[in-house]
Amino acid sequence: MLITHDTRCALDAVVDLVNTAPEGETADGLADVPSLADFVRKHEISDVGVLSERDLAAVRGVRGLFARIFAADDPRVAASLINELVAAAGTTPRLTDHDGYDWHVHYFAPGASVADHLAADCGMALAFFVVAGEHERLRRCEAPDCRRAFVDLSRNRSRRYCDSRTCGNRLHVAAYRARRKEAAG
């Protein structure tokens with residue numbers, strides 16, 4: 001599956017967005033407008049204007065729908081949620097070549113809110129996975145104490161953890177210690 005630069009940026013943004021949701025002892029990563037502004041800056045989301053509490057509430061709503069897409073076991077459920085997101089955003093595909101990037105497609109309408117921008121561009125990035133029959137690549141970390149979202153871009157679809165250096169390594173070390181303890185009797 002070919003993933004263009006702008007699709008990869010949208011995938012990174014949607015994963016980070018889903019992972020800002022409060023879970024367990026983890027605080028909301030979008031607790032206020034300044035944290036939303038940091039998210040927008042980090043992901044170089046253009047043309048969103050001055051952010052407000054209304055934008056924050058709308059982005060949190062979009063985040064909830066994206067989380068449901070990552071939790072969906074059935075591609076039909078994911079497709080329905082994606083359709084809901086991109087339709088509500090007033091998706092308006094257009095070619096652009098700004099900020100030193102070659103031609104690429106923006107799916108959000110000019111002047112769209114940050115929530116509509118995310119719903120359109122990120123929704124379409126996830127739609128490409130459903131269309132390609134690759135919905136199962138939209139995953140949650142298998143570490144019992146994690147559950148962060150990620151997109152498995154490994155060649156053989158074998159990635160199980162959001163980060164192999166943290167969650168994966170932690171579980172491998174725990175399994176190794178358990179085996180050693182059992183062997184020591």
Side-chain angles (χ1 to χ4, degrees), residues 3 5-72 77-92 98-99 101 104-130 135 137-153 159 161-163 165-167:
I3 298 175
H5 175 265
D6 50 317
T7 300
R8 181 59 193 249
C9 290
L11 291 173
D12 291 344
V14 72
V15 165
D16 283 353
L17 179 62
V18 169
N19 290 334
T20 64
E23 191 170 314
E25 295 180 21
T26 306
D28 191 336
L30 293 178
D32 51 25
V33 174
S35 61
L36 176 59
D38 289 343
F39 180 88
V40 166
R41 201 171 16 264
K42 175 183 176 188
H43 290 285
E44 299 178 354
I45 300 170
S46 58
D47 297 329
V48 295
V50 177
L51 300 171
S52 67
E53 288 291 332
R54 185 176 181 188
D55 290 310
L56 180 61
V59 169
R60 285 178 178 162
V62 167
R63 175 180 70 184
L65 287 172
F66 280 126
R68 289 175 54 198
I69 293 167
F70 275 86
V77 171
S80 176
L81 291 166
I82 292 167
N83 284 339
E84 181 182 335
L85 276 165
V86 298
T91 306
T92 309
H98 62 89
D99 298 330
Y101 294 108
H104 59 283
V105 179
H106 281 185
Y107 294 97
F108 59 94
S113 69
V114 66
D116 285 347
H117 181 133
L118 289 167
D121 275 2
C122 296
M124 289 305 300
L126 297 180
F128 296 143
F129 280 82
V130 174
H135 166 260
R137 289 182 181 269
L138 309 177
R139 298 190 174 165
R140 291 291 191 151
C141 184
E142 291 182 19
D145 60 341
C146 183
R147 304 300 300 148
R148 290 176 57 85
F150 68 95
V151 178
D152 180 2
L153 297 177
R159 189 170 159 199
Y161 307 110
C162 63
D163 187 343
R165 290 172 295 197
T166 54
C167 290

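Please read these numbers as outputs of a predicted model, since none were measured by experiment.
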Here the gap from Cys122 atom SG to Leu65 atom CG, rounded to the nearest 0.5 Å, amounts to 12.5 Å

Looking at residues at least two apart in the chain, or sitting in another chain, which of them share a side-chain contact (heavy atoms from CB on, under 4.5 Å) with Thr92? Ala109

Least distance between heavy atoms, Arg140 atom then Phe70 atom: NE-CB, 4.1 Å

Side chains of Val15 and Phe66: closer than 4.5 Å at any heavy-atom pair? no

Heavy-atom donor-acceptor pair, Asp116 side chain to Ala112 backbone, under 3.5 Å: no

What I want to find out is whether Lys42 reaches Asp38 closely enough, with some N-O distance under 4.0 Å, to be called a salt bridge. no

Rounding to 0.5 Å, atoms CZ (Arg137) and CG (Leu11) come to a distance of 11.5 Å

Any side-chain heavy-atom pair of Val114 and Phe108 under 4.5 Å: no

Distance (rounded to the nearest 0.5 Å) between Cys146 SG and Glu23 CD: 8.0 Å

Compare every heavy atom of Arg139 with every heavy atom of Asp152, then report the nearest pair and how far apart it is. OD2-NH1, 2.8 Å

Leu138 side chain near Phe150 side chain, heavy-atom distance below 4.5 Å: no

Looking at every heavy atom in both Ala89 and Ala119, which two are closest together, and how far apart are they? CB-CB, 3.9 Å

Side chains of Tyr107 and Val86: does their closest heavy-atom pair fall under 4.5 Å? no

Non-hydrogen atoms of Val130 and Ala79 that approach each other most closely: CG1-CB, 4.2 Å

Atom of Asp6, atom of Val105 and distance for their closest heavy-atom approach: OD2-O, 3.3 Å

Minimum heavy-atom separation for Val48 to Ile45, with atom names? CG1-CG2, 3.6 Å

Side chain of Arg147, backbone of Cys141: donor and acceptor closer than 3.5 Å? yes

Evaluate Leu126 against Leu85 for side-chain contact (heavy atoms from CB on, under 4.5 Å), listing each step before the verdict. CA-CA 11 Å; Leu126 297 180; Leu85 276 165; over 6 Å; no

Between Leu51 and Leu56, is any pair of side-chain heavy atoms under 4.5 Å apart? no

Can you tell me how far CG of Leu36 sits from CZ of Arg41, rounded to the nearest 0.5 angstrom? 10.0 Å

Can any side-chain N or O of Asp55 pair as donor or acceptor with the backbone N or O of Ser52 at less than 3.5 Å? yes

Which of parallel (below 30°), tilted (30 to 60°) and perpendicular (above 60°) describes His117 and His106? tilted

Any donor and acceptor pair, going by atom type alone, linking the side chain of Arg159 with main-chain N or O of Tyr161 inside 3.5 Å? yes

Contact check, side chains of Phe129 and His135, non-hydrogen atoms, under 4.5 Å: no

Nearest 0.5 Å, please: how far is CG in Asn19 from CZ in Arg148? 4.0 Å

Could you pull out all donor-acceptor pairs under 3.5 Å where a side-chain atom in residues 28-35 meets a protein atom, sequence neighbours excluded?
{"unit_1": "Asp28", "atom_1": "OD1", "unit_2": "Leu30", "atom_2": "N", "d": "2.7"}
{"unit_1": "Asp28", "atom_1": "OD1", "unit_2": "Arg63", "atom_2": "NH1", "d": "2.8"}
{"unit_1": "Asp28", "atom_1": "OD2", "unit_2": "Arg63", "atom_2": "NH2", "d": "3.3"}
{"unit_1": "Asp32", "atom_1": "OD1", "unit_2": "Ser35", "atom_2": "N", "d": "2.9"}
{"unit_1": "Asp32", "atom_1": "OD1", "unit_2": "Ser35", "atom_2": "OG", "d": "3.0"}
{"unit_1": "Ser35", "atom_1": "OG", "unit_2": "Ala31", "atom_2": "N", "d": "3.1"}
{"unit_1": "Ser35", "atom_1": "OG", "unit_2": "Asp32", "atom_2": "N", "d": "3.1"}
{"unit_1": "Ser35", "atom_1": "OG", "unit_2": "Asp32", "atom_2": "O", "d": "2.7"}

For His43 and Asp12, test the side chains for any donor-to-acceptor distance below 3.5 angstrom and give the result as yes or no. no

